[in-house]
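Notes to accompany the following structure.
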Amino acid sequence: MRSPRILLIGIGGVYNYGCEAIVRGTEKILHREYPNAQIVYASRRPSDDQRRLAGSEVRIIERKRNNRYSVKNICRKMLSLGGIRWDIASDSLALLKNVDAVISIGGDIYTLNASGGYSLSFAKFGDAVRRRGIPYVLWGASVGPFTQNPKAEKAFSKHLKGLSLITARENATIEYLRSIGVRENVVPCADPAYVVGSEITANGTIRKDKYTIGVNLSPLSIRHTGDVEEEAIPAQAKTIEGLVKTFDAHIILIPHVVSNFNEKDDDFRYLYKISQTIAPEYQDSVTLIENDPGFVGIKKVLVKCNLVIAARMHCAINALSAQVPTILAAYSSKASGMCNYVYGNTDLVIPLKMFAKEGILAEKILFVKKQNSHLKCLLTRRIPEIQTDALSPLIRMNELISL
């Protein structure tokens with residue numbers, strides 16, 4: 001029996017530590033079942049991603065787009081000028097040569113954007129994959145909801161019903177998919193990021209001298225809450241000062257996306273602005289991580305925290321998988337779904353808009369401090385279960401890949 005060739009595609013680059021973890025975790029899971037498989041990752045930024053994925057057994061190739069001056073693209077543009085929408089696949093079908101299965105990775109790429117709009121160009125690529133008889137899998141995903149945009153919901157429900165397999169990372173996605181008639185091809189799983197750096201846990205690594213709180217905030221979250229940076233940064237800096245004062249805490253500002261080419265998606269520059277806004281009397285109690293260590297490297301920082309507050313979903317996953325109690329600062333429903341999946345409730349979700357509301361975040365932190373022993377025991381039991389859940393799609397994958 002020959003070894004399968006599996007294509008991973010969907011993310012924009014692993015400068016987002018969550019995307020790095022998805023690639024690393026997916027490779028680890030697939031090689032558990034197919035030790036000799038060739039795992040190929042199609043990257044928009046191959047040289048940068050090659051550096052960031054050092055040590056992984058993934059072959060990186062360039063993710064080529066279709067020619068912008070192709071007949072289809074020209075027709076699409078002309079139709080759009082007349083107010084007619086025609087979505088076409090943007091990725092080159094040459095990527096499918098000798099491929100046995102295509103896995104769509106990225107966590108939440110099947111969703112509305114911050115303004116409620118959507119694109120079907122990647123979905124059209126998936127449709128083209130299936131027409132060629134190649135299994136197409138949406139992997140470790142959150143999907144939708146598209147409820148606020150009925151046209152998007154109709155288009156995506158049709159596409160999703162035709163996929164070979166959808167592995168959904170939380171119950172909220174499964175319930176939503178059922179509500180739009182997508183059932184038979186859906187199986188639950190855990191996000192593949194949970195299996196990355198699994199040997200790194202918080203046991204024995206937490207500081208004893210100061211209550212340490214890791215804080216992850218991002219420019220992306222502001223766009224989802226409708227705030228403006230000029231108002232959000234001073235308000236969030238004020239909240240952090242309050243945490244230092246109220247809890248005699250040390251605050252570690254933790255980027256989980258580091259992008260030198262896109263400031264609007266760069267946690268580091270955003271958190272740097274917050275750090276510079278902190279009043280002088282609190283500066284010694286606030287540390288910004290500056291060395292861009294990647295997913296596993298930042299996990300070694302997270303385990304030094306008594307508590308993490310995370311706006312980025314995969315920063316939350318990174319901390320939770322290391323068994324660090326984590327509050328999810330939510331700007332979408334997926335945070336509630338993930339919180340419920342891990343903890344069994346949504347007690348540790350706070351709407352991101354509430355982050356800067358005096359007293360509300362402090363109440364959540366007091367809850368964590370009071371429940372610390374219970375939360376630690378829960379995570380010690382729950383995280384190994386979740387890591388086992390991450391392997392659950394392999395049974396269905398074997399049904400799809402015939403060699």
Side-chain angles (χ1 to χ4, degrees), residues 1-11 14 16-43 49 52-61 99-110 126 129 134-143 163-170 173-174 185-201 294-296 299 313-314 316-318 320-323 338 341-342 382-403:
M1 182 173 71
R2 68 181 180 85
S3 300
R5 177 182 169 94
I6 302 172
L7 175 68
L8 311 183
I9 188 170
I11 60 175
V14 299
N16 181 320
Y17 296 173
C19 293
E20 176 197 345
I22 290 171
V23 174
R24 288 185 182 275
T26 300
E27 177 263 309
K28 185 175 180 180
I29 292 166
L30 291 174
H31 274 143
R32 178 187 176 100
E33 186 71 12
Y34 313 107
N36 298 315
Q38 184 179 32
I39 312 297
V40 180
Y41 158 51
S43 167
D49 286 356
R52 290 180 176 275
L53 289 169
S56 71
E57 297 181 39
V58 175
R59 180 188 170 199
I60 299 172
I61 62 173
V99 166
D100 296 293
V102 175
I103 292 181
S104 168
I105 56 173
D108 57 352
I109 55 176
Y110 278 63
V129 172
I134 301 172
Y136 181 75
V137 178
L138 182 55
W139 183 263
S142 293
V143 177
L163 298 193
S164 307
L165 180 63
I166 300 170
T167 71
R169 65 184 178 181
E170 19 84 359
T173 285
I174 295 172
N185 59 347
V186 180
V187 297
C189 73
D191 192 295
Y194 276 105
V195 304
V196 180
S198 56
E199 71 283 0
I200 303 170
T201 65
F295 186 86
V296 175
K299 186 186 287 286
M313 170 65 78
H314 278 95
I317 289 174
N318 204 356
L320 288 165
S321 64
Q323 301 175 24
M338 184 59 69
Y341 173 62
V342 176
R382 186 77 183 102
I383 294 307
E385 295 173 348
I386 291 172
Q387 290 166 343
T388 298
D389 287 348
L391 307 176
S392 61
L394 292 174
I395 296 173
R396 290 290 293 272
M397 283 295 292
N398 276 327
E399 297 172 2
L400 295 174
I401 300 178
S402 56
L403 302 175

Could you tell me if [Y] and [X] have a donor-acceptor pair between their side chains, going purely by distance under 3.5 Å?
X: Lys299; Y: Ser321; result: yes
X: Trp139; Y: Thr26; result: yes
X: Gln38; Y: Ser3; result: no
X: Asp191; Y: Tyr341; result: no
X: His31; Y: Asn36; result: no

For the residue pair [X] and [Y], what are the closest heavy atoms and their distance?
X: Pro192; Y: Gly140; result: CD-CA, 4.2 Å
X: Ser142; Y: Thr173; result: CA-OG1, 3.2 Å
X: Ala54; Y: Arg24; result: O-NH2, 3.1 Å
X: Pro135; Y: Ser164; result: CA-OG, 3.3 Å

Does the side chain of [Y] come within less than 4.5 Å of [X]'s, by heavy atoms?
X: Ile166; Y: Val137; value: no
X: Val296; Y: Val196; value: yes
X: Val99; Y: Ile6; value: no
X: Met313; Y: Arg169; value: yes
X: Tyr34; Y: Ile401; value: yes
X: Tyr17; Y: Asn318; value: no
X: Phe295; Y: Asn16; value: no
X: Ser198; Y: Lys28; value: yes

Residue pair Glu399, Arg396: steps toward the salt bridge (Lys or Arg N to Asp or Glu O under 4.0 Å) verdict: CA-CA 5 Å; Glu399 297 172 2; Arg396 290 290 293 272; 3.5 Å; yes
Between atom [atom1] of [X] and atom [atom2] of [Y], what is the distance when rounded to the nearest 0.5 Å?
X: Ser392; Y: Ile29; atom1: OG; atom2: CD1; result: 8.5 Å
X: Tyr110; Y: Ser104; atom1: OH; atom2: OG; result: 4.5 Å
X: Ile317; Y: Ile386; atom1: CD1; atom2: CD1; result: 9.0 Å
X: Leu394; Y: Glu33; atom1: CG; atom2: CD; result: 5.0 Å
X: His314; Y: Ile22; atom1: NE2; atom2: CD1; result: 4.0 Å

Mark yes or no for whether [X], through its side chain, and [Y], through its backbone, hold a donor-acceptor pair below 3.5 Å.
X: Asp49; Y: Val14; answer: yes
X: Gln387; Y: Val195; answer: no
X: Asn185; Y: Leu163; answer: yes

From Ile61, Leu7, Ile103, Leu53, residue fulfilling side-chain contact (heavy atoms from CB on, under 4.5 Å) relative to Tyr41: Leu53
Sole residue of Ile105, Thr167, Leu165, Val143 in side-chain contact (heavy atoms from CB on, under 4.5 Å) with Leu138: Val143
Partner residues of Glu199 under the salt bridge (Lys or Arg N to Asp or Glu O under 4.0 Å) criterion, sequence neighbours left out: none
For Tyr194, ring-ring contact (aromatic ring centres under 6.0 Å, His included) partners two or more places apart: none
Pair Arg382 + Glu385, salt bridge at N-O below 4.0 Å: yes
Electrostatic pair Asp100-Arg5, nearest N-O below 4.0 angstrom: no
